[in-house]
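One structure is given below, encoded as structure tokens.
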Amino acid sequence: MSEELTLEERKVIYRARRGLKEIDVYFDPYVKQHYLQADAFEKEMFAELVEQEDPDLLDWFMEVSEPPRPELKTFILKLKHYVHG
């Protein structure tokens, strides 16, 4: 990662560390391989995701329930694609 991170990027990267294996399996690879190169909209979607509570994230990733916005669902599918191909 670059040493030229913005304060917002640093905050998002820090908040992405969850300690919940089921979420970290998606967040960690994204942060390491895609986040810093992502466009502004994608960074916004990821920032919104990392602000959510773990039980909600788990339900959304496991497709038990739907996120409140369709853009988040689309982004979650993208994260899952990065990991599972």
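By convention here, the first residue in the shown sequence is residue 1. Values below: all heavy atoms of this structure, side chains included; hydrogens, waters and symmetry mates excluded.
Leu7 and Val12 fall into different hydrophobic clusters, defined by Ile, Leu, Val, Met, Phe, Trp and Tyr side-chain heavy atoms under 4.5 Å apart, directly or through other members. At a threshold of 4.5 Å between side-chain heavy atoms, the hydrophobic network of Ile, Leu, Val, Met, Phe, Trp and Tyr places Tyr14 and Ile23 in two separate groups. Residues Val64 and Ile76 fall within the same hydrophobic cluster, defined by Ile, Leu, Val, Met, Phe, Trp and Tyr side chains chained together at heavy-atom separations under 4.5 Å.
At most 12 non-hydrogen atoms from other residues, nucleotides or ligands lie less than 6.0 angstrom from CD of Glu53. No more than 12 heavy atoms of other residues, nucleotides or ligands sit less than 6.0 Å from atom NZ of Lys73.
Asp24 places a side-chain N or O within 3.5 Å of a backbone atom of Arg18 that can act as its donor or acceptor partner.
The line from CG of Leu77 to CD of Glu63 is 6.5 Å long, rounded to the nearest 0.5 Å. One distance of note links CG of Asp39 with CE of Met45; it measures 10.5 Å at 0.5 Å rounding. One distance of note links NZ of Lys78 with CD of Glu71; it measures 13.5 Å at 0.5 Å rounding. Leu49 contributes atom CG, which lies 13.5 Å from atom CZ of Arg15 (distance to the nearest 0.5 angstrom). Once rounded to the nearest 0.5 Å, the distance linking CD of Glu8 with CD1 of Ile13 reads 10.5 Å. One distance of note links CD of Glu42 with OH of Tyr35; it measures 10.0 Å at 0.5 Å rounding.
Side-chain atoms of Tyr26 and His84, non-hydrogen and from C-beta on, do get closer than 4.5 Å to each other. No side-chain heavy atom of Arg17 sits under 4.5 Å from any side-chain heavy atom of Phe27. Contact of the Asp28 side chain with the Val31 side chain is not registered, since no non-hydrogen atoms from C-beta on lie closer than 4.5 Å.
The minimum heavy-atom distance between Leu72 and Pro67, with the atom names listed, is CB-CB, 3.7 Å. Taking every heavy atom of both residues into account, Pro29 and Val83 meet most closely at CG-CG2, 4.2 Å. Scanning both residues, Leu79 and Phe61, for their nearest heavy atoms gives CD1-CZ, 3.8 Å. Heavy atoms only, all atoms of each residue included: Trp60 and Pro68 are closest at CZ2-CD, 3.4 Å.
Shown here are the side-chain contact (heavy atoms from CB on, under 4.5 Å) partners of His81, two or more places apart in sequence or in another chain: there are none.
Relative ring orientation between Tyr30 and Phe46 is described as tilted, the plane-to-plane angle lying within the 30° to 60° band.
Considering Glu48, His34, Glu9 as possible partners of Lys43, the one that fulfils the side-chain contact (heavy atoms from CB on, under 4.5 Å) test is Glu9.
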**Request:** Just do the side chain to side chain contact (heavy atoms under 4.5 Å, CB included) check on Leu57 and Glu22 with the steps written out, would you?
**Result:** CA-CA 9 Å; Leu57 288 171; Glu22 293 85 348; over 6 Å; no

